[in-house]
Protein chains: 2
Amino acid sequence: MDRLLQSVQIRINEKLFLKDPESSDLGRKIIEISIQMINEIGFENFTFKKLGMQIGSNESSIYRYFENKHKLLLYLTSWYWGWMEYQLVFATNSIKNPKEKLLKSILIITREVKEDSSFSHINEVLLNKIVINEYSKSYLTKEVDTENKEGFYAIYKRLVGRLAEMISEVDEEYEYSTSLASTILENGLHQHYLKEHFPSLTDCTNKITPTQYLTHLVFNILNNTIDE
Amino acid sequence: MDRLLQSVQIRINEKLFLKDPESSDLGRKIIEISIQMINEIGFENFTFKKLGMQIGSNESSIYRYFENKHKLLLYLTSWYWGWMEYQLVFATNSIKNPKEKLLKSILIITREVKEDSSFSHINEVLLNKIVINEYSKSYLTKEVDTENKEGFYAIYKRLVGRLAEMISEVDEEYEYSTSLASTILENGLHQHYLKEHFPSLTDCTNKITPTQYLTHLVFNILNNTIDE
DNA sequence: CAAATATAATAGTAATACTATCATAATATA
DNA sequence: TATATTATGATAGTATTACTATTATATTTG
């Protein structure tokens, strides 16, 4: 990715933290190491106590940044989707042709992240893995409706909206652009997960990517409607 | 559903329980009430202690049936997929026409369960909701690979396999039958969830069902291929 | 240099996720 | 019917989690 991201900051809902982790060394360390740890031991086994030990800091200090680990997960995944949105807009902005634009967007959204921008303390490769493994847990909760009202999923929703719009621009007759957009986002992650843990449940392999599968799917649906 | 289910038992992997809950009153009560409770308070807030209090039984007695709540969730969701498979096979067995067969299968798999068979202690309406809200949590864990080897996801995998075969029978040229099958299963649940909690992320409503969306999607992909 | 602020250290609480032990109730078998 | 077996219940106990509160000590800023 380009260097622009160095100076561009991704704006996260302020209710997700008590103190902005971007505002101090400790805060950035919390983000950096929590990404490593959640990726390694999984969100369930991850605790602020363990994080404190790894950082060489204190549990209570971490609690001054984040109320709990659920909010931290929401922070990290929001950052990820914000980063994704930035790339999407940046890469497709100049593309006039709607099909080409959608094609590019699907690529950006469903590809495996393989390179860390290595400018910031945020490792995007690991964060991509975390999103694949843990994102669902951030909304499959009893608190989802109140948290949705608080705007905790705003960036993700905006991203789905953008994609849905691009779909409509390719085929304005298609009636399910929003559902299809959410399917691309969500099933993109899911196919990556299946590839890794349930290879018998997907055709995706090292040669066939989720991007190929979903691109083929989308472009065979659009401008191509037979009614049942 | 027909009365056959009264006598048909769904076979669950024996490693999922310490003592078969179908073998006693207490066991059946555990299943019955845990379905109600998980549906009400969510899997995270659900504990064996609370379950014991509701049943009027003892925490330690429940631990004699299930090692932990994760295994109980695997038991419940396995039962659900086994029940789904039974309905699928039963309802499509006699259908010769591949398209008709696939159409029926997608309906069965993606529809909202609205009627409890009310023969057994298992409430399928609630169980369907639990699967929508909690199924991902049963495999998005660090233990997924060992548990997969133990066969804990066998029924679900068999179901995806059956659906993939039906897809191939409609269009043997289609290269992503397995991925598409897993997409139908998983995204079917997801669209139901979105409909309930993120209506802006789906076109599904009370009038447009996930079944309609996915049926349209599948039949516009098959026998209809344009290559990129 | 003083004041303000951030972090660290320690302690403490309630709940969770169990394990272990022993008592009692229900059932099966001799 | 007495006895052995098995199932369940009651109680206690442990380690960990998910915090909150307090006080001490750095570090930064005015």
Side-chain angles (χ1 to χ4, degrees), chain A residues 14-34 37-38 40-76 121 134 137-138 140-143 146-147, chain B residues 14-34 37-38 40-76 121 134 137-138 140-143 146-147:
Chain A
E14 297 195 353
K15 289 179 205 144
L16 286 178
F17 49 79
L18 300 168
K19 182 181 167 172
D20 187 355
E22 289 297 329
S23 70
S24 73
D25 279 346
L26 180 61
R28 283 182 292 270
K29 200 91 191 154
I30 288 172
I31 300 303
E32 184 187 353
I33 308 297
S34 68
M37 286 189 75
I38 293 173
E40 258 171 62
I41 64 178
F43 187 66
E44 274 70 41
N45 303 314
F46 170 81
T47 70
F48 280 179
K49 188 161 199 176
K50 290 177 189 170
L51 176 61
M53 278 160 63
Q54 280 283 326
I55 299 180
S57 169
N58 204 273
E59 199 189 358
S60 61
S61 303
I62 297 162
Y63 274 105
R64 280 201 203 87
Y65 286 84
F66 293 98
E67 269 179 71
N68 50 50
K69 67 177 183 172
H70 176 244
K71 290 265 172 79
L72 172 59
L73 180 63
L74 283 169
Y75 180 93
L76 294 177
H121 48 291
E134 324 284 0
K137 297 172 195 166
S138 78
L140 293 176
T141 68
K142 278 286 162 185
E143 297 76 34
T146 47
E147 296 193 340
Chain B
E14 297 194 353
K15 289 179 205 146
L16 286 178
F17 49 78
L18 299 168
K19 182 181 166 173
D20 188 356
E22 288 297 327
S23 71
S24 74
D25 279 347
L26 180 62
R28 283 182 292 270
K29 201 90 190 153
I30 288 171
I31 299 304
E32 185 188 352
I33 307 299
S34 68
M37 287 189 74
I38 293 172
E40 259 171 61
I41 63 177
F43 186 66
E44 273 72 41
N45 302 314
F46 170 81
T47 69
F48 280 179
K49 186 161 199 175
K50 290 178 189 169
L51 177 60
M53 279 160 61
Q54 281 282 327
I55 298 180
S57 170
N58 204 275
E59 199 189 358
S60 60
S61 304
I62 296 161
Y63 274 106
R64 284 199 198 89
Y65 285 84
F66 292 99
E67 268 179 72
N68 50 51
K69 69 177 183 171
H70 176 245
K71 291 264 170 80
L72 171 60
L73 180 63
L74 283 169
Y75 180 94
L76 295 176
H121 48 289
E134 323 283 1
K137 297 172 195 166
S138 77
L140 293 176
T141 67
K142 277 286 162 185
E143 297 76 34
T146 47
E147 296 193 342

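So that the names make sense, note that chain A is the first sequence line, chain B the second, and so on, each numbered from 1.
Around NZ of B/Lys137, the count of heavy atoms belonging to other residues, nucleotides or ligands within 6.0 Å exceeds 12.
Helix-axis bend for the helix from C/dC1-D/dG30 to C/dA30-D/dT1: the local axis fitted to the five terminal pairs at one end deviates from that at the other end by 10°, rounded to 10°.
Smallest separation of non-hydrogen atoms from A/His121 and A/Glu22: NE2-OE2, 3.0 Å. Across all non-hydrogen atoms, the minimal contact from A/Gly27 to A/Tyr65 is CA-CE2, 3.7 Å. Nearest heavy-atom pair across A/Leu73 and A/Glu134 is CD2-O, 4.0 Å.
Between the CG atom of B/Leu16 and the CZ atom of B/Phe66 there is a distance of 8.0 Å, given to the nearest 0.5 Å. The CZ atom of B/Phe17 sits 9.5 Å away from the CD1 atom of B/Ile31 when rounded to the nearest 0.5 Å. One distance of note links OH of A/Tyr75 with NE2 of A/His70; it measures 16.0 Å at 0.5 Å rounding.
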In a table with atom names and distances, give each donor-acceptor pair under 3.5 Å that connects a side chain of residues 49-59 of chain B to protein atoms at least two apart or in another chain.
| residue | atom | partner | partner atom | Å |
| --- | --- | --- | --- | --- |
| B/Lys50 | NZ | B/Asn45 | O | 2.6 |
| B/Asn58 | OD1 | B/Ser60 | N | 3.1 |
| B/Asn58 | OD1 | B/Ser60 | OG | 2.8 |

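Using a 4.0 Å heavy-atom distance criterion, B/Lys19 is classed as a sugar-phosphate-only contact. Note on A/Tyr65: only backbone sugar-phosphate atoms sit closer than 4.0 angstrom, heavy atoms only; bases stay farther off. Within the 4.0 angstrom heavy-atom criterion, no nucleotide atom of any strand lies near B/Lys29.
Taking atom CZ on A/Arg28 and atom P on C/dA6, their separation rounds to 14 Å, with Å as the unit. In this structure, the NZ atom of A/Lys49 is 14 Å from the P atom of C/dG12, given to the nearest Å.
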So which protein N/O to nucleotides 17-22 of chain C N/O distances come out below 3.5 Å?
| residue | atom | partner | partner atom | Å |
| --- | --- | --- | --- | --- |
| C/dC18 | O5' | B/Tyr63 | OH | 3.2 |
| C/dC18 | N4 | B/Glu59 | OE1 | 3.4 |

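Pairs of residues two or more places apart, or lying in two chains, that qualify as salt bridge (charged side-chain N to carboxylate O under 4.0 Å, His left out) and include a residue from residues 65-74 of chain A are A/Glu67-A/Lys71. Sorted by first then second residue, the ring pair (Phe, Tyr, Trp, His ring centres under 6.0 Å) pairs that include residues 41-62 of chain A, not counting sequence neighbours, are A/Phe48-A/Tyr63.
The span of DNA chain D lying next to chain A, judged by atoms under 4.0 Å from heavy atoms, is bounded 5' to 3' by D/dT17 to D/dA21.
Between B/Ile38 and B/Leu76 the shortest side-chain heavy-atom distance falls below 4.5 Å.
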